[in-house]
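The block underneath contains the structure these notes are about, expressed in structure tokens.
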Amino acid sequence: MRVILAQPRGFCAGVVRAIEIVDRALQKHGAPVYVRHEIVHNRHVVENLRNKGARFVEELDEVPEGAVAIFSAHGVARTVERAAEERDLDVLDATCPLVTKVHVQGRQYVSQGRTLILIGHAGHPEVEGTIGQIPGTVLLVQSEADVAKLDMPLDAPLAYVTQTTLSVDDTRGIIDALLARFTDIVGPDTRDICYATQNRQAAVRELSTEVDVLLVVGATNSSNSNRLREIGSESGVPSYLVADGSEVKAEWFEGVQTVGLTAGASAPEEMVENVIDALRALGPVDVSTMSGREEKVEFKLPAKLLQPLVAREV
Ligand code: SF4
């Protein structure tokens, strides 16, 4: 079998930064440090950090007063920030800067007197964080059908922002429906919401034209990994989401010559290797990487994690 790896795939700059923040916090403060919610949606990443001494909690009342608390890459509501202050927690914020940018845009629109519409998936932690960062009402829209149900005057001043793990293509139909229905609505240039979501989806769309089967390495609760699998299916290619090689099934590859392999933004490259090993166990494989976009994006770490560590290393 030929195995073609998507380019780009796997970790984005926001995930690299979030994991680095937990790692450095552990080095600086020692175990335990407390992480609110899974730092990124990947069991292997979470287990690895847990083994190093990170403790994962769902709510801040599980964190002892004064302890180090890290907010996950998905961002948190204002109420969570306030609760951390009240409990005197030493907070490190691993919210991806691109998520923070959406919060800032949303607040700006609201300060202009507009009602905010958030395009995203109900219940996703990023969506809950964004809603909780905006003063006033936020209307969540998940589909074009939801746009028709919005109970607002057609000339009401409105604005929209979107969840970062939705690509331009995902949101296009909903935004078009909003623009068609309402006369006074504005929104950001959606092309720059998240480079990683956009690039991974574009790569999978291209890869799907060349392969018989698509494998996506990622977690079932990872929004962007699920979306990559859906794009493969929409292209007519049987597509499977797997956490690692143990979930690969031999029957998927009967008569298959070419397999496409990608990974969601929170899936480590070791798991891609692990899946390749599982494919090798089925027979000889020839692995290559598609030509694709090189990503050079890096996000700065919080300043308070930089200096003391350098001093310690010296
Ligand atoms: S997928 Fe995009 S928004 Fe989400 S953490 Fe990665 S870079 Fe940030």
Side-chain angles (χ1 to χ4, degrees), residues 6-24 35-46 49 70-77 92-106 118-121 123-134 160-171 187-205 216-231 241 262-269 271-272 292-302:
Q7 173 62 36
R9 65 180 178 280
F11 279 3
C12 60
V15 164
V16 169
R17 175 177 181 271
I19 295 169
E20 180 85 11
I21 286 173
V22 182
D23 262 332
R24 285 187 173 240
V35 184
R36 185 184 177 277
H37 194 71
E38 289 185 346
I39 185 76
V40 299
H41 283 155
N42 190 277
R43 182 166 51 88
H44 294 282
V45 171
V46 168
L49 293 171
I70 301 170
F71 296 157
S72 79
H74 312 97
V76 296
L92 290 163
D93 189 357
T95 304
C96 176
L98 298 183
V99 174
T100 303
K101 189 170 150 193
V102 172
H103 297 169
V104 171
Q105 283 167 333
L118 172 60
I119 302 170
H121 297 305
H124 190 280
E126 181 188 325
V127 164
E128 288 176 357
T130 301
I131 291 173
Q133 281 285 335
I134 308 296
Y160 62 83
V161 291
T162 78
Q163 186 180 333
T164 56
T165 43
L166 300 177
S167 71
V168 175
D169 305 295
D170 295 332
T171 55
D189 183 349
T190 48
R191 279 173 306 183
D192 68 352
I193 290 175
C194 170
Y195 76 97
T197 299
Q198 196 62 33
N199 290 349
R200 277 151 194 69
Q201 292 192 8
V204 161
R205 208 163 268 120
V216 179
V217 183
T220 48
N221 61 344
S222 158
S223 174
N224 76 84
S225 304
N226 278 297
R227 188 65 193 116
L228 292 174
R229 192 201 61 73
E230 283 167 18
I231 289 171
L241 181 65
T262 188
S266 46
E269 187 64 13
M271 292 306 123
V272 174
R293 200 178 274 257
E294 290 285 329
E295 291 177 340
K296 299 206 170 94
V297 179
E298 275 181 34
F299 296 133
K300 272 194 205 153
L301 290 171

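Whatever order the structure lists them in is the order used to number ligands and atoms, beginning at 1.
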Q. Can you tell me the protein heavy atom closest to atom 8 (Fe) of ligand 1 and the distance?
A. Cys96 SG, 2.3 Å

**Q.** Nearest-contact summary for atom 4 (Fe) of ligand 1 - protein heavy atom, Å
**A.** Thr164 OG1, 3.9 Å

(Q) Quick test: of every protein heavy atom, which one is nearest to atom 2 (Fe) of ligand 1, and how far off is it to 0.1 Å? (A) Cys194 SG, 2.2 Å

(Q) Checking contacts here: is it the side chain or the backbone of Cys12 that comes within 4.0 Å of ligand 1, counting heavy atoms only? Could be both or neither. (A) side chain

**Q.** Donor-acceptor contact present, side-chain Arg200 to main-chain Pro8, <3.5 Å
**A.** no

Q: Dump the intermediate steps for side chain to side chain contact (heavy atoms under 4.5 Å, CB included) on Glu38 and Asn221, then the final yes or no.
A: CA-CA 11 Å; Glu38 289 185 346; Asn221 61 344; 3.4 Å; yes

Q) Any side-chain heavy atom of Glu269 within less than 4.5 Å of one from Arg9? A) yes

**Q.** Residues Glu20 and Arg17 bridged, charged N to O under 4.0 Å
**A.** no

